[in-house]
Amino acid sequence: MRSRGHRRAFSLLELIVIVAVLGVLAALAIPAVQRSGAQADSAKCLANLRQIGVGLGLYLNDHAMIMPDLRAGRASADEDLPVIDVLLAEYLDDPAVFTCPADDRFAKETGTSYYWNVALNGQHAANLNFLQISDTPGSIPVLSDKEGWHRFRDNKVNFLYADGHAGRDLRLFTGP
């Protein structure tokens, strides 16, 4: 007869099977967690670009709808150059909008994660022309990520377009 306080212990084989099952579950879960984190970063980056677009709209209202004359970027945040994060700082409450969450390098070094489309410098916002695209502002990129940080997507770069929307796809030649 068994005593009531006695419990059966796991055998070594049972412990190995449990550890193997947990290992397989972890191997399946870790990539899914990484993918969802990367997708969240991409969504936050798009939200940042939309906010920058709002700040650019405010700037345009104050400057007769003329696009600013800016450099695409700078090599160091210490350089005194006309760039998007300097120009729009007074129009945006949070300087964090200039940093894509997936960027762990460029924003720290240069002040922003995004490049300005210098082809738009000095143009009137109502008559933008970029690569012979002038009648579809939804196809004219204003800003883009400096690198392809969004690794779980076919197009790894986010864009802000002249019509104010932010998107994941470069839509240059999507006319009629």
Side-chain angles (χ1 to χ4, degrees), residues 30-63 65-125 128-131 133-134 136-174:
I30 289 172
V33 169
Q34 288 175 335
R35 179 182 282 280
S36 64
Q39 289 172 338
D41 285 349
S42 179
K44 174 68 173 153
C45 180
L46 286 169
N48 285 350
L49 285 167
R50 286 184 198 104
Q51 281 298 114
I52 294 170
V54 169
L56 179 60
L58 295 171
Y59 169 88
L60 290 170
N61 284 332
D62 287 349
H63 294 88
M65 301 304 287
I66 302 297
M67 295 295 266
D69 188 11
L70 299 173
R71 299 277 185 95
R74 57 187 170 193
S76 168
D78 296 330
E79 288 182 284
D80 186 22
L81 296 173
V83 290
I84 196 73
D85 55 302
V86 173
L87 177 83
L88 296 183
E90 68 181 275
Y91 294 95
L92 297 165
D93 293 334
D94 187 3
V97 298
F98 294 105
T99 303
C100 174
D103 171 16
D104 57 2
R105 177 179 156 217
F106 284 102
K108 291 176 193 165
E109 292 175 6
T110 68
T112 185
S113 301
Y114 308 109
Y115 277 131
W116 171 255
N117 182 354
V118 296
L120 304 179
N121 284 351
Q123 293 189 41
H124 193 281
L128 293 177
N129 188 331
F130 175 68
L131 299 176
I133 301 170
S134 59
T136 54
S139 298
I140 298 175
V142 175
L143 290 172
S144 70
D145 289 332
K146 287 184 177 178
E147 290 283 324
W149 296 299
H150 309 292
R151 59 188 174 149
F152 291 107
R153 294 196 343 248
D154 291 338
N155 184 355
K156 298 172 179 7
V157 176
N158 287 331
F159 298 90
L160 171 68
Y161 292 93
D163 68 353
H165 88 275
R168 297 179 168 120
D169 298 317
L170 184 58
R171 304 168 47 179
L172 283 179
F173 300 103
T174 58

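The basis for the numbers below is simple: all heavy atoms, side chains too, and nothing from hydrogens, waters or symmetry mates. Nothing fancy with the numbering, it's 1 onward along the sequence.
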Nearest heavy-atom pair of Asn121 and Asp69: which atoms, and what distance? ND2-OD1, 2.9 Å

For residues Pro101 and Asn48, report the shortest heavy-atom separation together with the two atoms involved. CD-ND2, 4.1 Å

Checking the side chain of Gln123 only, and the main-chain atoms of Ala119 only, is there a donor and an acceptor separated by less than 3.5 Å? yes

Closer than 3.5 angstrom, by distance alone: can the side chain of Asp145 be matched with the main-chain N or O of Asn158 as a donor-acceptor pair? yes

Evaluate the side-chain proximity of Trp149 to Phe106: yes if any heavy-atom separation is below 4.5 Å, no if none is. yes

Minimum heavy-atom distance between Tyr161 and Gly167, given as atom pair plus value: CE1-N, 4.1 Å

Contact list for residues 96-113, test salt bridge (Lys or Arg N to Asp or Glu O under 4.0 Å), sequence neighbours left out: Arg105-Glu109

Is the shortest heavy-atom distance from the side chain of Arg50 to the side chain of Leu160 under 4.5 Å? no

Using 0.5 Å steps for rounding, measure from the CG atom of Asp163 to the CG atom of Leu128. 10.5 Å

If you compare all heavy atoms of Ser113 against all heavy atoms of Ala107, which two are closest, and at what distance to 0.1 Å? OG-CB, 3.5 Å

Validation row: Val142, Met67 side chains within 4.5 angstrom (heavy atoms): yes

For Thr110 and Arg74, the nearest pair of non-hydrogen atoms, with its separation, is O-NE, 2.8 Å

Taking Asn117 for its side chain and Pro141 for its backbone only, find out whether a donor-acceptor pair lies under 3.5 Å. yes

Hey, is CG on Asp62 packed in by over 12 heavy atoms from elsewhere, all under 6.0 Å? yes

Are the side chain of Arg71 and the backbone N or O of Pro82 linked by a donor-acceptor pair below 3.5 Å? no

Ala166 versus Leu49, closest heavy-atom pair with distance: CB-CB, 4.0 Å

Tyr91 OH to Leu58 CG distance, which is reported to the nearest 0.5 Å: 7.5 Å

Are any side-chain N or O atoms of Glu79 and backbone N or O atoms of Ala75, one a donor and one an acceptor, separated by less than 3.5 Å? yes

If you count the non-hydrogen atoms of other residues, nucleotides and ligands that lie under 6.0 Å from CG in Asp80, is the total more than 12? no

For a side-chain contact (heavy atoms from CB on, under 4.5 Å) check, start with the C-alpha distance between Tyr114 and Ser144, then their side-chain angles and the critical distance, and finish with the verdict. CA-CA 5 Å; Tyr114 308 109; Ser144 70; over 6 Å; no

Roughly how far, to the nearest 0.5 Å, is CD1 of Ile66 from CG of Leu120? 12.0 Å

Close side-chain approach of Pro68 and Trp116, heavy atoms under 4.5 Å: yes

Tell me, with the steps shown, if Ile52 and Leu143 meet side-chain contact (heavy atoms from CB on, under 4.5 Å). CA-CA 9 Å; Ile52 294 170; Leu143 290 172; 3.3 Å; yes

Is the ring pair His63/Tyr59 parallel, tilted or perpendicular, if the boundaries are 30 and 60 degrees? parallel

Less than 4.5 Å apart, side chain to side chain, heavy atoms only: is that true for Val83 and Thr112? no

